[in-house]
Protein chains: 2
Amino acid sequence: MRILYVEDEKYLADAVIHVLEKSGISVDYAEDGEEGLNLAVKPIYDAIVLDIMLPKLSGIDVLRDLRERGIKTPVIMLSALSQVEDKIKGLNYGADDYLAKPFKTAELAARLRALVRRPALKPETVISYSDLYYNLEDRTLNDLALSEKEANIIESLLKNPEHVLSKEYLLSHVWGSDASGEDNYVEVYISYLRKKLEKLKSKAKIKTIRGLGYKLCSKNSS
Amino acid sequence: MRILYVEDEKYLADAVIHVLEKSGISVDYAEDGEEGLNLAVKPIYDAIVLDIMLPKLSGIDVLRDLRERGIKTPVIMLSALSQVEDKIKGLNYGADDYLAKPFKTAELAARLRALVRRPALKPETVISYSDLYYNLEDRTLNDLALSEKEANIIESLLKNPEHVLSKEYLLSHVWGSDASGEDNYVEVYISYLRKKLEKLKSKAKIKTIRGLGYKLCSKNSS
DNA sequence: ATAATATTTTAAGGAACTTTTAAGGTTTCT
DNA sequence: AGAAACCTTAAAAGTTCCTTAAAATATTAT
């Protein structure tokens, strides 16, 4: 499970993130409402945890904006005040749950799991890594259409992020197990994909491991 | 007449209930979706008034659940936002009427009376998405007449909005499961339909997903 | 029943996109 | 430097899709 946590109190955030990650929840973090909104619009989160009092844009503002854009990612609102007013406002704007500060991180984790369990009927249709999200249904990468071969390659890479995939592996998975050793196929398509990653200004990139293959990784990693 | 009213804003609920009871309508009250659903399944209500934004289960969830269980009690949906999306979703899941907040309690009472007077088992006759509404009874799309094939295709698309439907799927659903692989049938009719969507100046459009099929989507989405 | 009208099928050219192929250029390693 | 691995590009070949219009069929009105 991957969630977005928007919170301006860094110390609190650090502690909460630490506990959540330990319990197997992957957390992206934003420090203010604006940054939070920019991340929240991406369809890569299973849930969003929104503090109400935030710099730049309040949690309520972020939530309203999201819902107005038709984004239905489940949201848990956090409020320092246990003011009923805020709770009501949040729920009215389409929040899915509400938690008063201070809270036990374990409870947050539990509520997240409850929230994400709900729509169990849809098979996973999006694979994401870093700032990339690939939609299996319509073969779009961050809403950019890919051709079949491009799609199959990025799918393989996204399913094995930060792992080296050999040309032979990609050849057999994308072109079929018989495809005779045309390594150049793979090279050409890796090149196409790199261009598209550029175009998307993605932080992720495809690294060449000379003699071994290719590896998808985030720009700021080794 | 006895109705169920599901609403989480207590102050509003109190006021509305007061007025309805005064005008001779007996009101049961539930505070969240879960409680509402538990009551709504009982065959004792002439109608149900459902707020959309509710804790635990949304009004949409409650409605869907009811209809899935075959319970046909008339439902009026309430929404704080006057968002067409919500209205349409509600009507699609089998709501019988819709009222935007804020509303005059007198109007709610009038609609309730109108609804209860109606024959209850009216089969769904309109499917809608975005700014499109397709009438199954007379095969009109936004009041524009369609031919049988056109109608069947748009019906399939409207029943699976924002999902990719393959040509094979459309062929078998519209022409019959035997129809030999004449993909061109589908292409021709998609072309006709696109012309009609243009003519209607609809925000919705039919997108081609090369190699996969077609997808109905709202112009300003992905 | 016949004509007028509408719908569906068929067909074909071409537009748009994908994949393959090939060739020359760059990087990396010894 | 030389070889191997890799990158990039673009043209050629291959597919899929779009559009149109005429032919065939069905429907409706007279």
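Keep in mind the model is a prediction, meaning the values are calculated, not measured. Each chain gets a letter, A, B and so on, in the order the sequences are listed, and its residues count up from 1. Worth knowing before you read on, the calculation uses all heavy atoms, side chains too, and leaves out hydrogens, waters and symmetry mates.
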Is a salt bridge present between [X] and [Y], judged by a nitrogen-to-oxygen distance below 4.0 Å?
| X | Y | result |
| --- | --- | --- |
| B:R69 | B:D65 | yes |
| B:K215 | B:E162 | no |
| A:E198 | A:R194 | no |

So, does [X] get its side chain near the phosphate of [N], meaning an N or O under 4.0 Å from OP1 or OP2?
| X | N | answer |
| --- | --- | --- |
| A:K167 | D:dC6 | yes |
| A:Y189 | C:dT19 | yes |
| A:S191 | D:dC6 | no |
| B:T208 | D:dT16 | no |

- Query: Closest nucleotide of DNA chain C for B:K149 versus for A:K149: which of these residues is on the 5' side?
  - Reply: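 Nearest-nucleotide comparison on DNA chain C picks B:K149.
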- Message: Pick the closest DNA chain C nucleotide for A:A145 and for A:V188 by heavy atoms, then say which residue is nearer the 5' end.
- Response: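 So the residue in question is A:A145.
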Whole angstrom value for the distance that separates [atom2] of [N] from [atom1] of [X]:
| X | N | atom1 | atom2 | answer |
| --- | --- | --- | --- | --- |
| A:W175 | C:dT21 | CH2 | C1' | 13 Å |
| A:D183 | D:dA4 | CG | P | 15 Å |
| A:L212 | C:dT28 | CG | P | 15 Å |
| A:L171 | D:dC6 | CG | P | 12 Å |
| A:N184 | D:dT8 | CG | C1' | 10 Å |
| B:I190 | D:dT20 | CD1 | P | 15 Å |
| A:E187 | C:dA22 | CD | P | 15 Å |
| A:E182 | C:dT21 | CD | P | 6 Å |

- Task: May I ask you to verify whether the side chain of B:R210 and the base of C:dT18 hold a donor-acceptor pair under 3.5 Å?
- Result: no
- Task: Applying side-chain contact (heavy atoms from CB on, under 4.5 Å) between B:I76 and each of B:L112, B:D96, B:I3, B:I48, report the one that passes.
- Result: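 Of the listed options, the one satisfying the test is B:L112.
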- Count the heavy atoms belonging to other residues, nucleotides or ligands that lie under 6.0 Å from NZ of B:K167, then report whether that count exceeds 12.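 Check passes, neighbour count above 12.
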- Task: Classify the nucleic acid contact of A:Y214 as base, sugar-phosphate or nothing, counting any heavy atom under 4.0 Å across all strands shown.
- Result: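 Touches sugar-phosphate only.
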- With sugar-phosphate meaning primed atoms plus P, OP1 and OP2, does B:E150 contact a base, only sugar-phosphate, or nothing at under 4.0 Å between heavy atoms? nothing
- Message: Quick check: on DNA chain D, is the nucleotide nearest B:K195 upstream (toward 5') of the one nearest A:R194, or the reverse? Name the residue that is more 5'.
- Response: A:R194
